[in-house]
Amino acid sequence: MKSELYEEGLLKGLAEGDKRAIEIIYKDHFNSIQALIINNNGSSDDAKDIFQEALIVLYEKVRSGSFELNCQIKTYLYSVSKRLWLKKLSVSNRFVSSAEDPASTYPVEDEIEAHEKRDAEFDMMEKAIAGLGEPCKSLLEAYYLKKQNMQVIAASFGYTNADNAKNQKYKCLLRLKKIFFAHYKNGIDHE
Amino acid sequence: MSELNMLEKVERYINGEMNPDERVQFEQLRKTNAEVDQLVVEHTFFLQQLNRFGEWKKFRQLLQFTHTDLAEKGHIQSSRLSGKARVIYLFNRYKRVGSIAAAIALLTTLSISALVWTLSPSSPRSQFEELNKKYSQLEYKSRKQASEIDQIKKSKTIPVDMPFTTGGTGFIIDPKGYLVTNAHVVSGASTIAIQNNRGEYLVEVVHIDKHRDLAILRINDDSFKGYGSLPYSISKKSGQLADPIFTLGYPRNEVVYSQGYLSARTGYDGDTLSCQIEISANRGNSGSPIINRRGEVIGILNGRQTNAEGFAFAVQGKYIYQLSDSLRKADPSVPIRLSGRSYISSLERSEQVKRIQDYVYMVKVN
C-alpha cells in the first residue's frame, strides 16, 4: 500500500526534474498504460508517446505548485493517457468505443486543453529556433537553454571575446523574436 | 537608439544586471515611453516562454533517456525486447480480416476433402494399416533421434578445462548478440569465446573479410540473454582530422581506456580502407571500437606500425555497414541491424564509458 506521503514525495521529485523520482514513476506505471494502449488498437510506440505526454501533463501540473492530485498518480496518469489516446484515435478515424469507467477515471479535460495549448506554443518556439539556421540556433540554445556562460560560449564558438559573442547573440535573439511573434500572432488569429 | 541596443538594455533590466543609476534612468524612460514599456512586457513574456521551452525540452529528453534505460534493464516491457506486444497489436488490428480468410479457407478445405473422399477409390484396408504401423514406428524412431541430437546441441556451454589465449577485443553491433572484431584476431581459431564482467560466452564466426580485416561473430551460448539496445551507434563517417576519440579494449585481462585523436584520413602505406589515429594501443586492442565524443563508433582498431610508437590504424566504420549488408544479402536469415543513433551523445565521457563497457568483450581463441 503506497501512502499519500510517498506519492507526494515522488511528485515533488518530479517537479524538480529529479531523475530517480521520474524513474520510479516510469517503472511503476508504464506497463499498465502500455497494456491500455495496446488493447485499444495501439502499438507499443504509441504507448511510449502517450505515456510520456501524460507524464508531461503531470509535470506541468506539479510545477504549477500543487502537489495534491486528489487522486493517486496511477489514476491520474491513466485518465490523462486514456483521454489523449481517445483523442488521437478519433483524429485518425481508428476510434473504438470503450465503456467509460467513472470509478477509475478522473476529470482531466481542462488540464489536457492547457497542455495542448502549451504544446502548440512550444512547437512554435521549436520551429522558430530551427528556422534561424546556424550559428544562431546553437548560440541561442547554448545561452538560453543550456545556460552556458558567455565566456565559455565565446571560446567554443570561436569568437575572440565574450562581447562579440554577446553582440551576435542579441542579433540572433532579435531575429528569433520576430519569427516567433509572427507565428504567435498568426496562431492567435486562427483561433 | 538602435533596436539592438534597446533589446540589450531591456534584457539587462529584466535580469537585474543594471547598476542602480542606470536602473532609475531606465525606469523613468519606461514611464514616459509607452513603446519601451511594451517592449519590456513583451520581452519578459518571451524570455519566460524560452525558459519554459528549455525546461520542457530537457524533461522530454530525460523521459526518452529513462525509457531506453529502463527497457535495457528489463524494468519495463518494450517492443524491442519482446515481440509479444506487436503480435497482440497486429492480432487486434487484423482479427476481422483474418477470421474471414480463415473461414473461407476452412470451407474450401472441407469441400475439397469431401470431393477427394467420394471420388478416390478405396484402398485395401489391411495393407494400409500395415503401412500406417510402419510409419508410426519410423516416426517414433526419428523423434527419439531428434531429442538425442537436441540434447547434444543444448550443451552449448564452455568446456571447463579448455585452454584459451587472448586474441583481441570485440564489441556488440547488434543487441541480438552479434559482434565485430578483426579478422586476424579470429583467423585459424577452432573455438572462440568472449568475456567481460557481464559473463563469458561461446561465439561462432558468421562472416569474415580478410581484405578489410573484419569479422562478424555471433554469440552462440545458452546463458546469453540478449541486450535491449545499444548505447552507441555505428557511424558511416570517419570524422575530421584532430577530432578527439577514445577506445575501450582488452590489452590485458581488464578493460583499458585510452584516448587520442584522428591524425590522418588514410591508414598504413596510404591504405584508404583505414585511417590513422594517435592513441596508445597494444596487441590485445585489435578489434576495439574507436568512438568519438558523440558516442558514435567511427572505426575499429586493427593494428600499429611495428617500428613506430604512439599511433595506430583503424578500419573505418562504414565498412561494418558494407559487411553486414553483404552478409544480409548472402544469408537473409541473419537479422543484423546496425544502430544509427547514439543514446549517449550528451553524456559526460566517464558516463559514456560506463555504459559502453558492458558491450565490449575480450575475444579469446583456442
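Keep in mind that the numbers below use all heavy atoms, side chains included, and drop hydrogens, waters and symmetry copies. Letters A, B, ... are given to chains in the order of the sequence lines, protein chains preceding strands, and every chain is numbered from 1.
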**Report entry** Residues, nucleotides or ligands: over 12 heavy atoms within 6.0 Å of B:E27 CD
**Finding:** yes
Query raised in the report: Non-hydrogen atoms of chain B under 4.5 Å away: do they reach the side chain of A:K146, the backbone, both or neither?
Result: neither
Report task. State the NZ-CD distance between B:K57 and A:E126, to the nearest 0.5 angstrom. Result -> 5.0 Å
Query - Test side chain to side chain contact (heavy atoms under 4.5 Å, CB included) applied to B:L7 and A:K171, step by step - result: CA-CA 9 Å; B:L7 180 67; A:K171 275 187 195 161; over 6 Å; no
Query raised in the report: Any side-chain heavy atom of B:T66 within less than 4.5 Å of one from A:K27?
Result: no
Query - Heavy-atom neighbours of B:Y321 OH exceed 12 at 6.0 Å - result: yes
Query - Side-chain heavy atoms of B:D69 within contact of A:E23, under 4.5 Å - result: yes
Query raised in the report: Roughly how far apart are A:I22 CD1 and B:L62 CG, rounded to 0.5 Å?
Result: 4.0 Å
Requested in this report: Please report the closest heavy-atom contact between B:E42 and A:F181, naming both atoms and the distance.
Outcome: CG-CZ, 3.5 Å
Query raised in the report: Counting heavy atoms not belonging to B:K176, are there more than 12 under 6.0 Å from its NZ?
Result: yes
Query raised in the report: Can a salt bridge be assigned to the pair A:K166 and B:E8 using a cut-off of 4.0 Å between side-chain N and carboxylate O?
Result: no
Requested in this report: Calculate, to the nearest 0.5 Å, the distance between atoms CZ and CZ belonging to B:F45 and A:F180 respectively.
Outcome: 5.5 Å
Query raised in the report: What's the spacing between B:E11 CD and A:L173 CG if we round to 0.5 Å?
Result: 5.5 Å
Query - Exceeds 12 heavy-atom contacts within 6.0 angstrom, atom NZ of B:K31 - result: no
Query raised in the report: Does any non-hydrogen side-chain atom of B:N5 lie less than 4.5 Å from one of A:Y170?
Result: no
**Report entry** Contact class of A:I129 relative to chain B, heavy atoms under 4.5 angstrom
**Finding:** side chain
Query raised in the report: Does some side-chain heavy atom of B:L70 sit less than 4.5 Å from a side-chain heavy atom of A:F30?
Result: no
Requested in this report: Measure the spacing between CZ of A:R63 and CZ of B:F59 and express it to the nearest 0.5 Å.
Outcome: 9.0 Å
Report summary line: Whatever's closer than 4.5 Å to a heavy atom in chain B on A:D119 counts as side chain
Report summary line: Cut-off 4.5 Å, heavy atoms of chain B, and the answer for A:E141 is side chain
Query raised in the report: Do A:Y59 and B:W56 touch side chain to side chain, with heavy atoms closer than 4.5 Å?
Result: no
Query raised in the report: From B:Q49 CD over to A:M125 CE, what is the distance, rounded to the nearest 0.5 angstrom?
Result: 5.5 Å
Requested in this report: Could you tell me whether the side chain of B:K58 reaches within less than 4.5 Å of the side chain of A:L145, counting heavy atoms only?
Outcome: no
Requested in this report: For the pair A:F51 and B:H67, evaluate ring pair (Phe, Tyr, Trp, His ring centres under 6.0 Å) and give the outcome as yes or no after the intermediate values.
Outcome: CA-CA 10 Å; A:F51 182 68; B:H67 187 91; 8.3 Å; no
Query raised in the report: Is there side-chain contact between B:F53 and A:R118, with at least one heavy-atom pair below 4.5 Å?
Result: no
Query raised in the report: Are A:L140 and B:L50 close enough that some pair of their side-chain heavy atoms sits under 4.5 Å apart?
Result: no
